[in-house]
Amino acid sequence: MLATAHRLRRHGDFTSAVRAGQRAGRATLVVHLRHGEADAPPRAGFVVSRAVGGAVTRNRVRRRLRHLVRDRIDQLPAGSMLVVRALPAAATATYVQLAEDLAAALRSAVRKTEAAAR
RNA sequence: CGAGUCGACCGGGCGGCCGCGUCGACGGGGUGUGCCCCGUCGCCGAGGAACGUCCGGACUCCGUAGGGCAGGGUGGUUGUUAACGGCAACCCGGGGCGACCCGCGGGAAAGUGCCACAGAAAACAGACCGCCGGUCGGCACAGCCGGCCGGUAAGGGUGAAACGGUGGAGUAAGAGCCCACCAGCACCCCGGGUGACCGGGGUGGCUCGGUAAACCCCACCCGGAGCAAGGCCAAGAAGGGCCGCCACUUCGGUGGCGGUCCGCGCAGGCGCUCGAGGGCGGCCCGUCCGAUGCCUGCGGGUAGGCCGCUAGAGCCUGUCGGCGACGGCAGGCCGAGAUGGAUGGCCGCCCGUCGCGUGCCGGCAACGGCGCGCGGCGACAGAAUCCGGCGUACAGGUCGACUCGUCCG
RNA sequence: UCGGCCGUGGUGUAAUUGGCAACACUCAGGGCUUUGGUCCCUGCUUUCCAGGUUCGAGUCCUGGCGGCCGAG
């Protein structure tokens with residue numbers, strides 16, 4: 001589990017991040033990134049639906065994503081809200097594939113967010 | 001050695017780097033003195049099915065749970081258990097040479113319904129083709145054919161199923177009409193068993209279809225809801241939450257209208273023991289609650305945290321009782337409690353197994369054994385209040401008991 | 001946690017108390033037509049699966065599998 005300060009914990013946080021944030025997709029996942037208060041720490045949450053697989057598969061996907069996000073959480077702008085949504089392809093993807101997709105999607109989302117802020 | 005039956009169990013191991021959760025200790029910081037945050041260390045941290053949610057309970061609330069009807073469930077017997085639709089042993093029926101396996105296994109002489117097609121007839125009696133007797137008529141007259149009346153149910157064919165079976169006696173033809181044996185039914189007696197039931201004997205009518213996973217009858221059981229149960233605290237007298245529609249929008253939202261929800265407020269009405277109203281899953285009886293109440297209308301909240309929350313019908317070992325399920329006693333152990341949801345991520349080695357290549361050994365050969373290298377695969381599946389079962393999914397493996405067949409001693 | 005509904009040709013639906021699995025559209029093949037359309041003929045089913053009751057099961061019973069919906 002991520003530290004409480006780095007987690008999205010309310011349903012409203014998820015919906016606002018997904019609706020208002022910049023979206024960037026890859027084969028295995030989609031990320032939503034939204035700017036927030038500058039003095040708050042960056043926060044992240046995960047969405048892994050039943051379409052991905054059974055409980056065991058969903059747990060594995062979420063744990064891998066969590067470990068990947070943990071290494072990158074400090075590189076995110078302060079106060080940003082991140083939601084990582086797993087797609088069905090994530091069930092069969094390797095750890096390396098997931099890492100590449102997440103890094104690429106995050107780069108794209110950050111670029112869009114900075115462009116929108118200007 | 002081969003084929004098979006039953007039961008019990010395991011369900012990857014070791015290590016490295018980086019992480020997470022509960023609890024405890026220590027240190028630091030904050031504070032409303034309840035506690036909270038950060039760091040370090042330590043203990044523990046998914047399953048045999050955690051699954052499906054098919055039963056049964058614990059627990060909590062509602063508040064009485066009384067009777068009848070209705071409804072639902074169970075269905076051999078005796079046990080076992082907190083309880084069960086589970087389990088054990090036994091009985092009965094069926095299958096297997098056998099170890100053993102399978103069975104929603106009460107009642108069809110309480111009643112009702114149904115049994116398509118075929119067939120004369122499908123449930124209680126009857127008679128289509130037949131067989132036999134009488135009578136009438138016809139003819140080519142020891143006889144044959146047809147009509148009518150009567151007797152009969154042996155033979156025929158249909159069907160899943162046809163009113164006991166075989167043989168004899170008997171008759172005009174026949175028939176449990178009678179006889180012998182057999183099958184089966186009811187009742188009685190004796191013996192065994194707690195019982196389901198089993199064994200033996202006798203009597204009787206002579207024979208009785210199936211279906212209750214059709215209605216139904218009988219016996220027994222069932223109050224309702226479920227941890228989002230439920231409890232405590234905080235916030236809140238504010239135009240709030242949710243849903244739908246419309247308008248505007250920088251697409252994030254904002255505004256309007258309507259509906260709905262609610263410990264509250266306002267107004268009106270009813271009522272305060274001659275009682276409004278309500279509860280008892282549905283109906284009736286009956287019974288209980290009830291005045292800080294109830295009904296209607298208008299205005300109109302909250303939904304955040306903590307507890308419940310993990311020590312229990314608990315697990316292991318030994319021993320005693322019991323065929324067994326299980327129970328008694330003694331000793332020891334503590335084994336997850338998350339809340340957008342921890343129990344992990346990456347890598348290496350080993351192990352098992354399969355494939356390919358290769359070396360050695362055996363063999364004429366197919367091939368087998370041992371070793372090395374590379375590669376693939378290693379299942380089903382993730383706690384959400386807890387427990388006892390059932391059902392279902394599952395790579396591979398271990399142990400024990402037993403049966404049958406073959407060979408050797 | 002609790003409750004409800006459904007599963008039949010490729011698709012959408014029928015099938016009285018248990019008794020011949022039916023209809024429409026689509027698709028494939030053939031015929032008709034110069035070609036296409038129309039029309040005609042033929043074909044396409046383990047009634048989700050496995051057991052059971054029954055002479056006989058899409059229907060009744062039991063257990064699974066899959067899908068959909070609802071409540072707090």
Side-chain angles (χ1 to χ4, degrees):
Chain A
M1 201 154 21
L2 295 171
T4 309
H6 290 303
R7 265 186 295 154
L8 293 178
R9 302 192 61 188
R10 305 299 311 168
H11 180 258
D13 297 339
F14 276 79
T15 50
S16 73
V18 169
R19 285 184 186 162
Q22 293 295 328
R23 191 181 65 202
R26 289 297 182 270
T28 59
L29 49 85
V30 176
V31 301
H32 301 264
L33 186 65
R34 186 195 180 187
H35 266 308
E37 301 300 319
D39 53 346
R43 292 182 296 163
F46 304 93
V47 175
V48 185
S49 80
R50 262 179 61 190
V52 175
V56 176
T57 307
R58 294 203 307 274
N59 273 340
R60 185 172 57 245
V61 168
R62 180 161 40 76
R63 284 164 179 158
R64 282 175 162 176
L65 290 175
R66 192 171 64 227
H67 278 271
L68 290 168
V69 167
R70 182 198 318 286
D71 298 338
R72 292 164 174 79
I73 191 81
D74 295 330
Q75 303 166 14
L76 292 174
S80 58
M81 294 159 73
L82 171 72
V83 168
V84 181
R85 218 175 62 216
L87 299 176
T92 52
T94 64
Y95 184 69
V96 176
Q97 279 178 280
L98 279 179
E100 287 170 353
D101 282 1
L102 178 69
L106 269 182
R107 271 197 307 275
S108 173
V110 168
R111 195 167 56 244
K112 284 184 186 175
T113 307
E114 286 168 350
R118 273 185 215 114

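Nearest-nucleotide positions on RNA chain B for A/Asp71 and A/Val47 put A/Asp71 closer to the 5' end. Of the residues near RNA chain B, A/Val48 and A/His67, the one whose nearest nucleotide (by heavy atom distance) lies more toward the 5' end is A/Val48.
Pairing partner, C/rU38: none, since no Watson-Crick or wobble contact has both distances short of 3.5 Å. The base-pairing partner of C/rG72, taking Watson-Crick or G-U wobble contacts with both distances under 3.5 Å, does not exist among the strands shown. Taking a pair to require two hydrogen-bonding distances under 3.5 Å in either a Watson-Crick or a G-U wobble arrangement, B/rU64 remains unpaired. Look at B/rG4: its Watson-Crick or wobble partner, with both distances under 3.5 angstrom, is B/rC402. When both distances must be under 3.5 Å, the Watson-Crick or G-U wobble mate of B/rG195 does not exist. The partner of B/rU78, taking Watson-Crick or G-U wobble pairs whose two distances both stay under 3.5 Å, is B/rA88. Under the Watson-Crick or G-U wobble criterion, with both distances below 3.5 Å, B/rC315 is paired with B/rG332. As the counterpart of B/rG277, B/rC289 is assigned, both hydrogen-bonding distances of the Watson-Crick or G-U wobble pattern falling under 3.5 Å.
The minimum heavy-atom distance between A/Val61 and A/Ala90, with the atom names listed, is CG2-O, 3.8 Å. A/Ala91 and A/Arg60 get closest at one heavy-atom pair: O-NH2, 4.2 Å. Smallest separation of non-hydrogen atoms from A/Phe46 and A/Arg66: CZ-CA, 3.5 Å. Between A/Ser108 and A/Ala24, the closest heavy-atom pair is OG-CB, 3.8 Å.
The side chain to side chain contact (heavy atoms under 4.5 Å, CB included) test with A/Thr94 is passed by exactly one of A/Leu98, A/Val96, A/Thr92: A/Val96.
Base orientation at B/rA395 is anti, since its O4'-C1' glycosidic dihedral falls outside 90° of 0. Taking the O4'-C1'-N9-C4 or O4'-C1'-N1-C2 dihedral as appropriate, B/rG255 has a value more than 90° from 0 and is therefore anti. Glycosidic conformation of B/rG252: syn, with the torsion inside 90° of 0. With its glycosidic angle within 90° of 0, B/rG335 adopts the syn conformation. Glycosidic conformation, B/rG34: syn, with the torsion inside 90° of 0.
Annotation: C/rC2 and B/rG297 have their P atoms spaced 37 Å apart (nearest Å). Going from the P atom of B/rG93 to that of B/rG184 covers 11 Å, rounded to whole Å. For the C1' atoms, the distance linking B/rC163 with B/rG209 amounts to 8 Å, nearest Å. On the P atoms, B/rC197 is 46 Å away from B/rG170, given to the nearest whole Å. With C1' as the reference atom, B/rG279 and B/rC104 are 40 Å apart, rounded to whole Å. B/rU152 and B/rC187 have their P atoms separated by 34 Å, with the value rounded to a whole Å. B/rU40 and B/rC20 have their P atoms separated by 9 Å, given to the nearest Å. Spacing of C1' atoms, B/rA196 relative to B/rG105, comes out at 11 Å, to the nearest Å.
As a whole-Å value, the separation of A/Arg64 CZ from B/rC346 C1' is 9 Å. One interatomic measurement links the two molecules: CZ of A/Phe46 to P of B/rG344, which rounds to 17 Å at whole-angstrom precision. As rounded to whole Å, 9 Å separates atom P of B/rC346 from atom CG of A/Leu98. A straight line from CG of A/Leu65 to P of B/rC346 spans 11 Å, rounded to a whole angstrom.
A donor-acceptor contact shorter than 3.5 Å links the side chain of A/Arg72 to the backbone of A/Leu68. Judged purely by atom type and a 3.5 angstrom limit, A/Glu100 has no side-chain atom pairing as donor or acceptor with the backbone of A/Gln97.
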Under 3.5 Å between N/O atoms: give me all the protein pairs with nucleotides 381-384 of chain B, atom names plus distance.
{"residue": "B/rG382", "atom": "N7", "partner": "A/Asn59", "partner atom": "ND2", "Å": "3.1"}
{"residue": "B/rG382", "atom": "O6", "partner": "A/Arg63", "partner atom": "NH1", "Å": "3.4"}

Audit row: A/Leu87, A/Thr28, side-chain contact (heavy atoms from CB on, under 4.5 Å) steps and yes/no: CA-CA 5 Å; A/Leu87 299 176; A/Thr28 59; 5.6 Å; no
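A/Arg66 has a side-chain polar atom (N or O) that falls below the 4.0 Å cut-off from OP1 or OP2 of B/rU343. Proximity of A/Arg62 to the phosphate of B/rG344: no side-chain N or O atom is located under 4.0 Å from OP1 or OP2.
Tracing side-chain contacts under 4.5 Å through hydrophobic residues (I, L, V, M, F, W, Y), one reaches A/Tyr95 starting from A/Leu65; they form part of the same cluster.
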